[in-house]
Every structure is written in structure tokens, then in C-alpha cells.
S.K.: 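Got a structure for you, written out below as C-alpha cells; questions coming shortly.
To find a chain, count down the sequence lines: A is the first, B the second, and so on, and within it residues start at 1.
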Protein chains: 2
Amino acid sequence: MKALESHAKNMLKAAGLYCTRARLCVIMALLRENRPITQEQITQALDAPFDRVTIYRTLDSLGKADLVHRVFLEERACHYELSHHCSKTQCHPHFTCTQCGQTHCLTDLKLPLAHHHGYVIQRQQVRLAGLCPQCR
Amino acid sequence: MKALESHAKNMLKAAGLYCTRARLCVIMALLRENRPITQEQITQALDAPFDRVTIYRTLDSLGKADLVHRVFLEERACHYELSHHCSKTQCHPHFTCTQCGQTHCLTDLKLPLAHHHGYVIQRQQVRLAGLCPQCR
DNA sequence: TATAATACGCAATAATGTTGCATTTGTTCT
DNA sequence: AGAACAAATGCAACATTATTGCGTATTATA
Ligand SMILES: [Mn+2]
Ligand SMILES: [Mn+2]
Ligand SMILES: [Zn+2]
Ligand SMILES: [Zn+2]
């Protein structure tokens, strides 16, 4: 059994979720891509064909188990990625290049958590836009 | 003529845009609300009835003139707000309460602009989630 | 292997946003 | 004020993304 597959199985086991074909395939696709992608991109990246609805429901169950979360970019469709590079309070920043359009996960960039009087801040998400190393 | 209306007219004049009923109404609605709202909320907040498409096209033209910009929250629909509380490089942070669901503009909270080697960062947007003063 | 809980596929529907085109409105110039 | 032109508007149709209902198939467990 490939390393990716056993990784995916372990994630599902640890989360107490049924270990189904669809969940394994989606997790493996997200592991391979390692960036936020849409339902459509996930569907295309899968080895086996699955119904759109199944992908959405899979993402939903993985989301409730905190294995996956949504990323909101300047595009119509939601993007999804694995949560394993994020802390509970802070997802890593996402950078989108205004030139080439690519989005990069800046997993090594740690920004200080904001404070504001009277507010309890539980989570912080940062979106950056500009020029990527290739395009500047 | 009311202060809101002349404010709206000045914004359109300064931007070199036609001063139309729809644009005036939309800007005045956004001035009154003073928080990010959806096309549907804008339409409901208007005195006169306008077609959905007109609202979208109005937001588009105001957006191109940098009078308005989109705000992405954890909801399906895009939200829109006036840009007058934002600098070119950084929009003020938006806080959404996980309890009551309300979104607040933290216009007085200034976060340092991120730096990352090799990247030219032109714009930064921050979304915060947690408990608002009423709900904590 | 039997059972119950859960996930899946398919069809239908909802929500949000966009496009084409004929008509109306706003601006500018006389 | 009136004419001429550019731009905005309304309406119908369409596109994209996500959700719901329900019957069937798969999974975990004993
Ligand atoms: Mn990421
Ligand atoms: Mn705001
Ligand atoms: Zn680039
Ligand atoms: Zn609250």
C-alpha cells in the first residue's frame, strides 16, 4: 500500500470517520496537490470517477472533522485544503499573484495574532496579493 | 439636498462616472449601512426598486473606480462595502462573531503589512473570527 | 455473515452571478 | 432648450456553484 494511502487512512481512523473510497481518494488528491483547490479540480484529480455531490459531502464530513477547511480566494468557487499546515487559531497566509494568478500557501510565514479591545479572537485568516517571485 | 446625496454625487464626480439614480442610491445605501452587505441586502435597502443586474453592474463600475470593493466572508454571497476606510495596500480587518454571526469592520485596527522573501506584497486582507463584545 | 449506521449516485432544486440586446438616461455641445 | 452620442438600465436567458431528497450500496461491528 502506498504511503499516501496509509497516511489518508490514518487521518480518517484518527478522526473516527468511515474509511471510504471517496474519502481516501479526496484526501490523497489534496495531499498530492498541496494547495487550495476547488471541487471541480478535486474531481478531475481523482483516479476514480465520483459524483460532484459525493465530493461536496466528503469535503463537508472532512471539514466537520477538522481535516479540511475552506479557503476563500477572489474566485467564484470555494477552495479546499488539508488543515495539517494550520494551527487551530491561525491558517497560514495565502498569496495570490496578480500577474499569473497562481495562489501559494505561505506555510512558513507566521503573522502575530491580532488583538482588539472587547473581542475574543479565535481564528485569523490572511490573504495577500501582489507579485510572485517568478512575475516580479 | 441631503448630505448623503451630495456626498455620493461628489464621489461619482471625482471618479469621473455618470451620476445615475442607481449609482447614487447604491452609494447612499452603502454609506448608511457602513458594513459589508450583499447585492440582495443592497437591493432591499434601496428606496427605489432596481433590477438585480443593475446592482451588479453598478457595483462593478464603482469597483473599477475603486469606490467600492468586495469582501469575502464565510457566506456564499460576496459582500460589498465602500473603500473609504481602506488604504490602497490594506483593507481594515473584518471580524465575524461565531455566536451571533454579525460582522464588524475593525477600521481602527492596524496590522503590520506582511513580508515574505521574493514576494512583492501589494495588498493584505485579514478575516477574524471569535466572540464579539456582546457575546463573549 | 447478519445488522444497523452511514455514505453514495442520481435527479431535482436553490443561490449567486453573468451576458445579449433593445430601450432609456446622462452628458456635452450648440 | 434641443440634438447627438455615449453610457446605463431592464428584462430574459443562461452559467456556475452548492444543496436536498431519496433509493441503493458500502462500511463497521458483533
Ligand atoms: Mn494553504
Ligand atoms: Mn469593512
Ligand atoms: Zn505570478
Ligand atoms: Zn456576537
S.K.: Answer yes when B:R127 and B:E74 have at least one side-chain N-carboxylate O distance shorter than 4.0 Å, and no when they do not.
M.R.: yes
S.K.: Chain A on DNA chain C: first and last contacting nucleotide, 5' to 3', under 4.0 Å to a heavy atom?
M.R.: C:dA5 to C:dG17
S.K.: Please report the distance, rounded to the nearest Å, between CZ in B:R57 and C1' in D:dA7.
M.R.: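 So the CZ-C1' distance, B:R57 to D:dA7, works out to 11 Å.
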S.K.: Toward the 5' end of DNA chain D, which comes first, B:R76 or B:I55, by nearest nucleotide?
M.R.: B:I55
S.K.: Reckon A:Y18 has a side-chain N or O less than 4.0 Å from the OP1 or OP2 of D:dA28?
M.R.: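 For A:Y18, the contact criterion (side-chain N or O under 4.0 Å from OP1 or OP2 of D:dA28) is not met.
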S.K.: Using a heavy-atom cut-off of 4.0 Å across all strands, would you classify A:R23 as base, sugar-phosphate, or nothing?
M.R.: sugar-phosphate
S.K.: Hey, which of these two, B:P49 or B:R52, hits DNA chain D nearer its 5' end, going by closest nucleotide?
M.R.: B:P49
S.K.: For B:T58 and D:dA8, is the shortest distance between a side-chain N/O and OP1 or OP2 below 4.0 Å?
M.R.: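 Checking B:T58 against D:dA8: no side-chain N or O falls below 4.0 Å of OP1 or OP2.
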S.K.: Quick one: A:I42 CD1 to D:dT17 P, roughly how many Å, whole number?
M.R.: 13 Å
S.K.: Check the distance between D:dA18's P and A:Q41's CD and give it to me in whole angstrom.
M.R.: 11 Å
S.K.: Base, sugar-phosphate, or nothing for B:S61, non-hydrogen atoms under 4.0 angstrom?
M.R.: nothing
S.K.: Counting only side-chain nitrogens and oxygens, does A:T20 get under 4.0 Å of the OP1 or OP2 atom of D:dT27?
M.R.: no
S.K.: Just so I know, are the side chains of B:I27 and B:L62 near enough to count as touching, which here means a heavy-atom distance under 4.5 Å?
M.R.: yes
